[in-house]
Structures are given as C-alpha cells and as structure tokens.
Amino acid sequence: MNSTKKPLLGLTTEELKHISVGLGLPAFTGGQMARWLYQHHVTTLDQMTNLSLQARQKLGQDYEVGARGPIASQQSADGTVKYLFPVGHDGKFVETVFIPDGERATLCVSSQVGCKMNCLFCQTGKQGFEGNLTATDILNQIYSLPQAERLTNVVFMGQGEPMDNLDAVLRATELLTAPDGYAWSPKRITVSSVGVKTKLKRFLDESQCHVAISMHSPHHQQRLSLMPAEKAMPIAQTVELLRQYDFTHQRRCSFEYICFAGLNDTQEHAQAIVRLVQGLECRVNLIRFHAIPDVDLPASDAHRMEQMRDYLTRHGVFATIRASRGEDILAACGLLSTAQREVVS
C-alpha cells in the first residue's frame, strides 16, 4: 500500500461525499463508495465499477481503499487461527484471532500495538505501549480477514485497552453498526475494558455495544496488585457506573475473571463478587490462566473453577467457564504479543 495515499476504509458516508465534492464529483459518488467498501468489501478502486473511469482516476491520485491482508497466520489444533496484520507505516503489527465454534465464529481484534495497562498476567502488557491503531487499522482486521463472511461476532479483546483509544474504537463500531456501513446489530460486538475513568462512561453513553469489564479480583488491594489501573478507577467505582445503565434488555454487561489457584478462586472471593455485583444484570466469565514468562501465578484447576461457577450461579450471578482456545499457538486470553516480531516483507 502506498503510504502517501489516504485510506477510504474507516470513513463515513458523509466524509466520502465530502471527498467526492472536493474532487469535483457528484456527492452521490460518496454513497456509491460506501456501498463498495462496506457491502462489497472491494480492495481496489478499479473494482468500484459504477464509478466512471475519470472518477476513479481522480480518486486514485490521493486515495486508496486501504485494505491490507494478513502477512502471516498460525492455525491451532482446535481450529483457531491467529493472524498477523500490518498497521501504520512504520513496520508495526498486531495479532488478531479467529475463533470458529459450530455455527458461530468470533473475531478477537486489537485496538493498540502493545498496551499501557501492564496487567501482571498479560503478555501484551509486557510488550509495553507502541501506539494506537487508527479506525482503518481496526476495521481492516475484519475487512481483510479471509473468513470475514463467516463472522457472527467481534470482540475487542485483543492487544490493547479499547478505552485508551476510544475515538478510533467508537468510529470502528459506528461503521460496523451504521445502516450505510456493515449494518450489524450492536449485539454482535463486545468491547472490553479494565475501567478507564471518563472514557468508560463516554463509551457507555455513545455506543450500544456490549461491555466486558476485566475484574480478576473483587478486592481493591488484590486487584491493584494484579492491575495497576485499579488505582485510577477501582472496580467498585466501575460497578457503580455500570449500575447507571440498563442491561436488562439486549445490551449485555459481563465481567472477565481469570482464576489463579488459591489467590482469587476461593469461596470468600465468590461471596465478595456476589456482594459487589448484587442487583446488576450481568454475567461473570471465568477464564483459565495461561502462563506467561517470568510471572509466578498458579492456574486454578477445573474443579476449583467449577466450584466458583456453581457458587455464583446458586447466588444469582450467572457465571460461565470460558473454553480455552488457541493456547498451542499463543492465541488464548492474555497471550497476544508482537514484541518479538521482525518486519516481514
């Protein structure tokens, strides 16, 4: 992709119309471009066949579609596929994970290269923060996915903290749900967060997509030892914010909870979770810890996780144990990192 040209992918219909008028083309050309991008998923301007040759030539002087396919992939024994996508123009990459499951197919997309949050248990946090993705980079993970037509759901749970790159994330979800974009239901999209003050509230106000909060402990001091973000926005404060929104209909609120043996998987922790979320319509997803280098945290076994799930369920908190997918290719929860990647030509 020629880095001197601007991508059309990631622009709204109104922005595409503005470009058209600026080039001396009819405003409706912008609507045509939007349909080619978000309904037909073209990769070149020449494929926009109902635009005149002159219009395509004018566009091509400064613009391009902006789609870039993955440059590498790995397939797990369980069918999960991890892709490496180029982002920006400085040799950086992000990992994106495609998770097929019967008739469902979920894509776990990244919003940043690395992450500032530095959660103890997450490999992405060890990478450090290397930059925000643009809306183009975020959408391209979906747009250029080989299995894009099979997708039923997208989760913003890959590399990065979505609320730390909120403008780009909101633009991407807007285009995914807009009638003249992908026209998806917001029910197909879940955006995760550790809880970022002011940003989480803005997301809840401006989007109808599902929200998933990384909890990992109901106790302030323990969560702080696992997640530095607890200092700026404690989990109790996050839950109080969530109580201001309606999750009794189609929009869903969930909590992600990685289980560490003897550390946060006790009955006392389960009791504290029940007290913390009492009265909030939500679910808790229990996740097995996937070991990362230089982090001495023990993983809970299946029996302890089942005990915790059953306790929560008996006490009115819907809980599930999330199946681990793609661990053999380092695609499971907490394992994504591009820190060691070399530029692939």
Side-chain angles (χ1 to χ4, degrees), residues 1 3 7 9-10 41 43 65-76 80-99 105-119 121-148 151 153-173 175-176 182 189-194 196 209 212 214 256 290 292 325-327 329-345:
M1 188 167 76
S3 61
L9 178 63
H41 309 138
T43 56
V65 170
R68 291 194 282 178
I71 60 169
S73 65
Q74 289 176 278
Q75 181 157 342
S76 166
T80 299
V81 186
K82 182 170 70 172
Y83 290 100
L84 187 69
F85 278 96
V87 295
H89 299 287
D90 50 5
K92 296 190 185 304
F93 309 95
V94 291
E95 293 184 326
T96 306
V97 182
F98 174 73
I99 309 165
T106 301
L107 188 68
C108 181
V109 302
S110 295
S111 57
Q112 296 179 310
V113 182
C115 185
K116 295 177 186 176
M117 299 301 123
N118 197 26
C119 298
F121 46 82
C122 180
Q123 189 65 38
T124 308
K126 308 302 174 214
Q127 179 175 343
F129 176 69
E130 297 184 32
N132 283 325
L133 270 60
T134 64
T136 304
D137 290 329
I138 294 171
L139 282 172
N140 184 61
Q141 296 168 70
I142 302 163
Y143 197 91
S144 297
L145 183 78
Q147 303 92 338
L151 288 182
N153 301 83
V154 167
V155 295
F156 284 71
M157 296 182 182
Q159 292 176 255
E161 162 58 54
M163 301 302 149
D164 199 36
N165 187 20
L166 186 55
D167 287 340
V169 168
L170 283 173
R171 175 177 281 264
T173 57
L175 285 164
L176 287 170
Y182 272 68
I189 304 166
T190 301
V191 180
S192 70
S193 179
V194 299
V196 179
C209 297
S214 299
E256 309 294 289
H290 303 101
I292 63 174
R325 299 290 301 273
E327 186 175 6
I329 57 169
L330 302 181
C333 183
L335 298 182
L336 298 186
S337 176
T338 51
Q340 304 302 320
R341 289 285 185 177
E342 295 179 359
V343 177
V344 181
S345 60

Working to the nearest 0.5 angstrom, can you tell me the gap between [X] [atom1] and [Y] [atom2]?
X    : Y    : atom1 : atom2 : answer
L139 : L176 : CG    : CG    : 5.5 Å
I99  : L107 : CD1   : CG    : 8.0 Å
H290 : C122 : NE2   : SG    : 12.0 Å
L175 : L170 : CG    : CG    : 11.0 Å

Kindly write out the residues that satisfy side-chain hydrogen bond (donor to acceptor under 3.5 Å, both in side chains) with [X], not counting sequence neighbours, or none if the list is empty.
X    : value
S144 : N140
S193 : E161
Y143 : none

Under the 3.5 angstrom rule, does the side chain of [X] hit a backbone N or O of [Y] as a donor-acceptor pair?
X    : Y    : answer
S214 : E256 : no
T136 : L9   : yes
Q127 : V113 : no

Any side-chain heavy atom of [X] sitting closer than 4.5 Å to one from [Y]?
X    : Y    : result
V191 : M163 : yes
L145 : L151 : yes
C119 : V194 : yes

| said: Pair T96, I142 - check side chain to side chain contact (heavy atoms under 4.5 Å, CB included), show working. | reply: CA-CA 9 Å; T96 306; I142 302 163; over 6 Å; no

Could you report the tightest heavy-atom contact between [X] and [Y], atom names first, then the distance?
X    : Y    : value
P7   : G66  : CB-CA, 3.9 Å
Q159 : S110 : N-OG, 2.8 Å
P162 : V169 : O-CG2, 3.6 Å
F156 : S192 : O-OG, 2.7 Å
I189 : C209 : O-CB, 3.6 Å
Q147 : Y83  : NE2-OH, 2.8 Å

| Any residue meeting ring-ring contact (aromatic ring centres under 6.0 Å, His included) with Y182, in chain and number order, not counting sequence neighbours | H41, W184

| task | Tell me, please, which residues at least two apart from N132 pass side chain to side chain contact (heavy atoms under 4.5 Å, CB included). | result | Q112, F129, N165

| note | T190 meets the side chain to side chain contact (heavy atoms under 4.5 Å, CB included) criterion, sequence neighbours left out, with V155, M157, H210, A212, R252

| query | Could you walk me through whether Q74 and L84 pass the side chain to side chain contact (heavy atoms under 4.5 Å, CB included) check? | reply | CA-CA 9 Å; Q74 289 176 278; L84 187 69; over 6 Å; no

